[in-house]
Structures are given as structure tokens and as C-alpha cells.
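The structure appears right after this line, and notes come after that.
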Amino acid sequence: MNTALSAKLKTLPTSPGVYFHKSKDGEIIYVGKAAVLRNRVRQYFQDSRLRDAKTDALVAEIWDTDWMVTESEIDALFLESEMVKRYKPRYNILLRDDKSQIFVRLNMKDPYPYLSYTRQPADDGAEYFGPYYNGFAVKKALRYLRKIFPYSTHETMPARVCLQYHLGLCPGVEEQKISSRDYKAILHRLIMYLKGERQQLVKQLERDMATAAKKHEYERAAKLRNQIRDLKELQKQILFSDKEFLDISKDQALAGLAELLGLPSVPRRIEGYDISHMQGTNTVASMVVASNGVADKAEYRKFKLRVPGNDDFAHMREVISRRFSGDHADWPKPDLLLIDGGKGQLSAALDALEAKNVHIPVIGLAKRLEEIVVHKTRSNVSVGPDSASAASGDNYFSSRVPEGMSEQGKIIVDEARGQAHGPYITQSDDFYIILLPQNSHIVKLLQRIRDESHRFAVSYHTVLKRQRQTASQLDDIPGIGPVTRKKLIRAFGSLRGVKEAPLEQLAAVIGRAKVELLKPYLTH
């Protein structure tokens, strides 16, 4: 351990957070989380600790360590996962695979929502909490919470109450032993806890307990008292929240991006856009948001596009025009727009912005070589020779292909360090094309946002395609209109699911009158 690092470790805080081990070249080689940063990080440098070969190899390469402080362990867990996904450090063996993060799913639009876990959240109107990497910890904590807030896990309703009901872990939705309204009230309290609103939840329960006592409803008051007691006992457990509390001045990607593009400040809100369709049908667009460099799923938006056909440029003009039409004044103004595509998609987005008289920095990211595409005069950024030093490395700017770089944009590689120089800024028509090393923090940040916008768009397109296929199966039933079909699909998934559902469940979704119309088509 060098002298500078030894002195730096003495300033480690006792707060939870995420730490970054770096090599001598500044490469992030390991990302980890800690409940107490001082204790965890110092453990790496204690010779008395038993370590495996992998850790010994890691410690031998550590030249510098940086960290971000978070407010809680769950914030550290979430931030760690995002940073590992972004940087893919070579020593994060357990986290660098393609395994998706886990989400907790609740669809509050269902009459009797069930709680489930998924690694591929769909754009289906349900609420998703996460993402979380440690699925075991998430499921264990929710098992504790289930004792306080009983919930159902039945995607398909059984014919009679389950064992969990007799254990007090399920409210008995199978036989409607609890009304939909009362059951959702329980779930809303669970959601408050999942969102990190623990203090507000306890205060609400205390008010309800006092009100029940005044009304001499002593059994209900005792139940609420027990819930408050159990909640307070869980304070030391993992608490879930999708809010990040980061010191973004330490985020090299955001700082480098601001310098590269000549932005007046670090881009706190970046919006990414992508288009998805299949041969011009079910065309949709996605808008994803990165707040302080981390995915902010609560701010994601989707658009069902109206322009027909297979025209990505027209579709990009439409989505940007609708985003800045003035109908969404309550949406925060972005500091930067990232368009998935090259010159054509970027030009279409710029046309739409200029038509709305909106001036926001806009760049494109072309997939083939991960080229950052910037319009010389219309992108509202400042790119040129002076900005080429943003990513650590040499300053390159040329109107031609640099020496040692092919026409296809192959970056020079320093064989001694095994890394690419950069950035290279070349000119093409009215555009600057910026090439950064593939291990650049900036590239990894933009890739994450671009890939997330693509995933979200494809997800929504898939949902629409499936709904269209499923809805057609119900079209031939007289008296069942589009609204009723939508309710049935949302609740039971398919015509088969409708046929297998008990009449009581059907009535809870569409009413007794509609059930009578369905009866001739049902078999139980």
C-alpha cells in the first residue's frame, strides 16, 4: 500500500456506502458496498486476515480507493449494482455475469393483487420495487414483513384457502375472506415500507391505533399495536428504497461528460430515447431517465406512436415533439438528451426540438463503434479541440482519420498499457464524431442509458403485441366490449385463464351481469 492511499484510508467515514478500488492506471477494478465503509475497506489491507487467492491478487493491484457515502445499506446495495453493471470491474466475479437484478412486483389494479419476484420487469402497469442484486436478502426480508402485512402470492387462485392463511401470512383472498378494499389497504402500508417511508407508516399506524381505542375497538387497536412493535423491531433489517443519495461530484462519468460536451454543469438528469416496432406495427418509443447517473425508474415514460410505417426518423420526431409539446410541464427539464442512433435519428430529434423552440443539449450514440454523434451547431454543446481532454488521456482533434486509426474508426492501442488512447474527435459533414476508449467511464454511462432505453422500448412493444394476440380470442364473445376484455386480460391473462377462474373471481372483476354473458363460453 502506497503512502498516499494509507493517508487516504484514515479519512474513511463510518457511514454505509460504495467503494471503488482502482489500479495504478486509474481503472476501476473492484466495486463493493459496506455498512461501515471504514471497517470494510480497511479489511482489505489487514495482513492478519485470511484471504483467498482472488482477494490477494486484487489487493496487490490496488493503487487508490474512492468511495461514495449513502444514507442506508439498501442505497449502497442499489448503487453498487448500478456501478458494477456500468463499469464491469474484472474482479467483481460474482456480479459481472449477465444475471439480471431482482424486482418485487405488485399490480394494484388487480382486485386481489399478489406479490411476486421477477428479473425482467414488463411494462404492464404493475408497480416494481428495486432493482436488488441480493435476491436472497430481499425474499428473506419480505418473509419478515409478511408476518406484519399478510399478502397473497397466488398468481392463479386455488380452489380453497392455502396453508399460509392458517399461519396468518395470507389474508384468505382465495375465498374472499377479506374485501378487496381492506386487502389493498394492507398492501398500501407494505408499499410505504418498501419505499422507505417507515417513519410515516409508524405515525399513521399510531394514529389509527389511537382512533380505534377511542371507539372502543380494542381488538383492532391491539393488532395495530403489534404491527407497530414488529415494525420497530425490523429497523435493523435491510430497508428497501429506490432513492439514491449520491455525491455526484465524485462520479467520473458525469464530470467527464460535462467537460467533454462543454456543459455548464454536471448533467443531473439525462433522458434516453429509443424506438421499437416489428415491420412497422405496434410502434412504441421509450423515455428512460438517469438521475445523478443512476437509473430512475419512477421517471420512465412510454409512448404509443401514431405515425404509421417503418420510419425511425419520423418516429423520433414524433416522440420528441410529444415530450416537449407543453402537455408534460410537470416532468422535470432534462440536462441532456441521449438519442439511440446516429446522424439521422439525431437530426430528427433536433428538428422536433427546434420546432418547439426548445434548447437542450442533445447527442446520439451509434451502436457499431459506440460513437458519440454531435451536431456542430444545433446540439447545444461545445465540442472541439479544447474539449478533447475530458477523458483522461491525450488531446486529439482532427478533420481526418488520425494516424494509426482505420477508416472504420479503430482506435490506437498502447500495447504497453493495453488500453486505447482518446478521445478522438473527427468531422463528418455537419457533425462531430467522438470516439472514446471502450473502457471510458463516459462510454459505460452512455451505454447503460442507451441499453436501458432499448430494453424498455422492446418490453412495451412485446406487451402490446401479446395483448393484441390475446384480445383477439375474446372478440367473438357477444356483449364483451373492449373495456371488459381489457379487465379480463389484466386479471387472468388469457381466455383460458378466464375459463379456469371461479365465477366469484370473475364477478369481482367485471360484475355479475357480465359473468352471465360469459357463462355459455365458460367450462368449470
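Judged by distance alone, with hydrogens and angles left aside, the side-chain atoms of N107 form no donor-acceptor pair with the main-chain N or O of P113 at under 3.5 Å. Formation of a donor-acceptor pair under 3.5 Å by the R146 side chain with backbone atoms of L169 is found in this model. Although no hydrogens or angles enter the test, the distance criterion places no donor-acceptor pair under 3.5 Å between the side chain of K302 and the main chain of F456. Checked by atom type and distance alone, the side chain of S440 never pairs as donor or acceptor with a backbone atom of L436 at under 3.5 Å. Under the 3.5 Å distance criterion, the side-chain polar atoms of Q345 are matched with a main-chain donor or acceptor of G342. Without hydrogens or angle criteria, S379 side chain to V381 main chain gives no donor-acceptor distance under 3.5 Å. Between the side chain of Y183 and the backbone N or O of S152 there is at least one donor-acceptor pair closer than 3.5 Å.
No donor-acceptor contact under 3.5 angstrom links the side chains of S453 and D274, judged on distance only.
Residue pairs meeting the salt bridge (Lys or Arg N to Asp or Glu O under 4.0 Å) criterion with at least one partner in residues 450-463, sequence neighbours excluded, are K297-E452, E370-R450, E452-R455. Screening residues 306-329 for salt bridge (Lys or Arg N to Asp or Glu O under 4.0 Å), with sequence neighbours left out, gives E271-R323, E318-R322.
Ring planes of H21 and Y19: tilted class, angle from 30 to 60°.
A salt bridge links R105 and D124; the closest N-O separation between the charged side-chain nitrogens and carboxylate oxygens is under 4.0 Å. A salt bridge links D208 to R189: at least one charged side-chain nitrogen sits closer than 4.0 Å to a carboxylate oxygen.
Scanning for ring pair (Phe, Tyr, Trp, His ring centres under 6.0 Å) contacts around Y114 gives an empty result, with sequence neighbours left out.
From L445, atom CG reaches atom CG of L365 across 10.5 Å, with rounding to the nearest 0.5 Å. Taking CG of N380 as the start and CG of L337 as the end, the distance is 9.5 Å to the nearest 0.5 Å.
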